[in-house]
Enquirer: 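Below are the structure tokens for one structure; questions will follow.
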There are 2 protein chains.
Amino acid sequence: MTETAPRPTLEAVAERAGVSRATVSRVVNGAHGVRDALAERVRRAVEELGYVPNQAARSLVTRRHDAVAVVAAEPETRIFADPYFAQQLRGISKELTAHDNQLVLLLTEGREDHARVGRYLAGGHVDGALVFSLHLDDPLPGLVRSAGVPTVFGGRPGWDDGRDDVVYVDSDNRGGARDAVRHLAGLGRTRIAHITGPLDQTSAVDRLAGFRDVRTEAGSGLIAPGDFTPGGGERAMRELLDRCPDLDGVFAANDLTAAGALRVLRERGRRVPEDVAVVGFDDMLPVAEQTDPPLTTVRQDIEEMGRLMARLLLRGLDRGAGAGNAAATGPDTPSGVVLPTTLVRRATT
Amino acid sequence: MTETAPRPTLEAVAERAGVSRATVSRVVNGAHGVRDALAERVRRAVEELGYVPNQAARSLVTRRHDAVAVVAAEPETRIFADPYFAQQLRGISKELTAHDNQLVLLLTEGREDHARVGRYLAGGHVDGALVFSLHLDDPLPGLVRSAGVPTVFGGRPGWDDGRDDVVYVDSDNRGGARDAVRHLAGLGRTRIAHITGPLDQTSAVDRLAGFRDVRTEAGSGLIAPGDFTPGGGERAMRELLDRCPDLDGVFAANDLTAAGALRVLRERGRRVPEDVAVVGFDDMLPVAEQTDPPLTTVRQDIEEMGRLMARLLLRGLDRGAGAGNAAATGPDTPSGVVLPTTLVRRATT
DNA sequence: CGGGGCGCCGAGAGCGCTCTCTCCCGCTCT
DNA sequence: AGAGCGGGAGAGAGCGCTCTCGGCGCCCCG
């Protein structure tokens, strides 16, 4: 039980160093216009006293918090069924840490939570927000908007209606999907089917669009609805097999779906990849590497997405003080950044 | 671009309601000793002005932050290779939210990060900390200790040397392991092997201990070292099969390991569960349900662990103001809480 | 009918910091 | 040698809130 020593204040440091509070403040922060000798004395005093600035007092006057909120809707199964979100968090955390910002995590579920988040954001407790909004009708974006906090979105918001002040980072779902389907086509497959994700999510919509892009080039495509779960993949695969017993390629909207499809294919006696080639999406390691055979899939650099989101936000914050509101927008801040994907070939193609 | 309206202050609300700052403050907080009529007037003014208290100003005087840090070592592969951590976070978040506390996430990797975390914690920016420390030689616990912040640990700390002021929440790794092995024994299996986790983690140590508890009762046990990865599981399984070709039961330290073992068993022509029965640990859904056949495993309620950690910490905080330091300890605060596990039987046994 | 108590409310003093404003000192320029 | 200038340091005013304290009115009891 160490004594609850009252933490030393600026005042204490000043006294010990024999200078004024103002001087200590100058040294502790940027330290400009303080003679080396004095600065050194101050630094020593800080060291000896173990002084740490009181962030609350500082925020009170500067109106900055050096803190950023990360807002995510918790019921999103994908957020908790795979390491996706954790990786994104890691990227965000790294970038924020590098700029001495704190990460305040806000997980929501349900209406009342939205109100809470809105209040928190509007309360000016953080300098900006990173918001994950995957659904087309997500109330979060609007809420954040009206809270007037600089924001960067993770994933293309559903209502990206050409407004120029929405900043987001997404991976190239459409391009990745095209690559996947072209890969199948390049293997000589001609009857290629797609199992979609839930179409109220932009990522699923974009992957479907990518599939269509190529299928339109190369003939009609077979499509069955899925929901990003293995169960959904199984159902869709059965349906597809019934409709077109001789299909020879499947592009699944994500790896979980592909895993389900794979099971049905085996159950129905199809050999993979000989009879049917399969491509997934995400390269969600614990799944993609564990399927039998290991899954060919489209990888996105999730951690980099997180890092980029944070970087964009912080950049907007630096300048943004003027505009202050709505978004980390600016002449040279791109409104949407789309990260490339890469095809990872394993054994299902 | 909404105008950056200066947020209304207590003063503004007071003026509008025709009362003093003190009265508004009373209403905004607990509201005791204010007549209903006045309180109502104040509430209306708050509403109309959209007043939100300035947390910085409040913290400055109360020395409370209503914020808790969650500290986790990021290189922990398990944290980012599975949804484990995310689920724990969810539990924590729910509990904190219910008590109007914020969650500040601190991810560390490497030495310099430790220093940073130490400084942050010592800086008194948060009221307490939830620390995940899985390794025996983790520097984090000591660091947190010396920062003098009330703390609850996730997972039994390696140095739980009987000190009574370390509060932690863990799941019953040892008991769960015993259940798993007894289950195998109950199925008539007599040559049961164990693939361990990395033995610098208490969870792996405890699971091994559980295995030994039962094997000591029922005869000697075959043990091979693993590392919580599928690759490690494969290696260990091969070794075990070489040493004891007629083994008929395997208890793997976690599901990933079991998945690897399963693959080797199939490759070596063993039927599961007919020839060899397999039990995992964790019930990590995307893995346990996707193995072939689906894995019998030991489930822990991870979200509940998180929630409990938060609850314990908050409870300690309420009272703890006096002691202030070291830990959320108190006469009726248990030092270690161990959550029960349950065996989930699927198709590998 | 008077005094004491109690419940409500306002005044005011800070919490620890930043930042502007002013002062002072040393130097150059005329 | 005196005036002017500029850079370095200190004084002091808050930032928005909480909380103690004192005053005032009301009720109750003697």
Side-chain angles (χ1 to χ4, degrees), chain A residues 4-43 45-46 49-67 100 119 122-127 321, chain B residues 4-43 45-46 49-67 100 122-127 321 324:
Chain A
T4 307
R7 296 204 298 123
T9 71
L10 244 207
E11 187 82 49
V13 177
E15 189 175 355
R16 176 163 196 122
V19 298
S20 74
R21 281 203 319 275
T23 301
V24 178
S25 178
R26 278 187 273 256
V27 173
V28 169
N29 303 318
H32 268 311
V34 177
R35 261 178 329 200
D36 284 356
L38 261 201
E40 194 43 51
R41 268 220 324 268
V42 170
R43 270 189 286 266
V46 165
L49 261 40
Y51 170 74
V52 184
N54 180 321
Q55 181 62 35
R58 183 180 276 176
S59 293
L60 186 54
V61 26
T62 60
R63 276 125 202 300
R64 303 185 59 232
H65 300 85
D66 295 318
D100 271 311
R119 239 179 301 126
H125 301 292
V126 290
D127 300 329
Chain B
T4 307
R7 297 203 298 123
T9 70
L10 244 206
E11 186 82 50
V13 177
E15 190 176 356
R16 177 163 196 122
V19 298
S20 75
R21 282 203 318 277
T23 301
V24 178
S25 177
R26 278 187 272 257
V27 173
V28 169
N29 304 317
H32 269 311
V34 176
R35 262 177 329 199
D36 284 356
L38 260 202
E40 195 42 52
R41 269 222 321 269
V42 170
R43 271 189 286 268
V46 165
L49 260 40
Y51 169 74
V52 184
N54 180 322
Q55 182 61 35
R58 182 180 278 177
S59 294
L60 186 55
V61 25
T62 59
R63 276 125 201 299
R64 302 185 60 234
H65 299 85
D66 295 317
D100 271 311
H125 300 293
V126 291
D127 300 330

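Order of the sequence lines fixes the chain letters, A, B, ..., with proteins taken first and strands second; residue numbering starts at 1 for each chain. Model, not experiment: these values are computed from the prediction.
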Enquirer: A:Gly50 and A:Pro8: which non-hydrogen atoms are nearest, and at how many Å?
Expert: O-CG, 4.0 Å

Enquirer: Round to a whole Å and report the spacing from CZ of B:Arg35 to C1' of D:dC24.
Expert: 12 Å

Enquirer: Using the test salt bridge (Lys or Arg N to Asp or Glu O under 4.0 Å), find all partners of B:Glu15 that sit at least two apart in sequence or belong to another chain.
Expert: none

Enquirer: Okay, side chain of A:Ser25, backbone of A:Arg21: is any donor-acceptor separation there less than 3.5 Å?
Expert: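 It does not hold such a pair.
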
Enquirer: For a quick test of reading the model, state the closest non-hydrogen atom pair linking B:Val24 to B:Val13 and the distance between them.
Expert: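 Minimum heavy-atom contact is CG1-CG1, 3.7 Å.
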
Enquirer: I need the residues from residues 9-18 of chain A with at least one non-hydrogen atom less than 4.0 Å from DNA chain C; give them sorted by number, or say none.
Expert: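 Nucleic-acid contacts, sorted: A:Thr9, A:Leu10.
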
Enquirer: Quick check: closest heavy atoms across B:Val28 and B:Tyr51, and the distance to 0.1 Å?
Expert: CG2-CE2, 4.1 Å

Enquirer: Taking side chain as C-beta onward, heavy atoms only, is A:Arg41 less than 4.5 Å from A:Thr23?
Expert: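 Side-chain contact under 4.5 Å: no.
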
Enquirer: Please report the interatomic distance OG(B:Ser20) to CG(B:Leu38), rounded to the nearest 0.5 Å.
Expert: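 The OG atom of B:Ser20 sits 9.0 Å away from the CG atom of B:Leu38.
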
Enquirer: Quick one, A:Asp100 and A:Asp66 - any side-chain contact, counting heavy atoms below 4.5 Å?
Expert: no

Enquirer: Check each residue of residues 59-66 of chain B for a non-hydrogen atom within less than 4.0 Å of any atom in DNA chain D, then write out the ones that pass by number, or none.
Expert: B:Leu60, B:Val61, B:Thr62

Enquirer: Please give the angle, rounded to 10 degrees, between the axes at the start and the end of the helix from C:dC1-D:dG30 to C:dT30-D:dA1, where five pairs define each axis.
Expert: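 Overall, the helix from C:dC1-D:dG30 to C:dT30-D:dA1 bends by 50° from one end axis to the other.
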
Enquirer: Does the side chain of B:Arg26 reach to within under 4.5 Å of the side chain of B:Val19, using non-hydrogen atoms?
Expert: no

Enquirer: Looking only at non-hydrogen atoms, find the nearest pair between B:Pro53 and A:His125 and report the distance.
Expert: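 Closest approach of B:Pro53 to A:His125: O-CE1, 4.0 Å.
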
Enquirer: For the pair A:Arg7 (side chain) and B:Gly123 (backbone), establish whether a donor and an acceptor sit closer than 3.5 Å, ignoring hydrogens and angles.
Expert: yes

Enquirer: Closest heavy-atom contact between B:Val42 and B:Ala17?
Expert: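 Heavy atoms only, the tightest pair is CA-CB, 4.0 Å.
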
Enquirer: Hey, could you give me the CG/OG1 distance between A:Leu49 and A:Thr9, rounded to the nearest 0.5 Å?
Expert: 8.5 Å

Enquirer: Let's see if you get this right: which residues in residues 20-28 of chain B place a heavy atom under 4.0 Å from DNA chain D?
Expert: B:Arg21, B:Ala22, B:Ser25

Enquirer: Just by distance, do the side chain of B:His65 and the backbone of B:Gly124 share a donor-acceptor pair under 3.5 Å?
Expert: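 Yes: the side chain of B:His65 pairs with the backbone of B:Gly124.
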
Enquirer: Work out which heavy atom in B:Leu60 is nearest to a heavy atom in A:Ala57; give both atom names and the distance.
Expert: CD1-CB, 3.5 Å

Enquirer: Under 4.0 Å from any heavy atom of chain B: name the first and the last nucleotide of DNA chain C that qualifies, 5' to 3'.
Expert: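 So the contact region on DNA chain C extends C:dC8 to C:dG16.
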
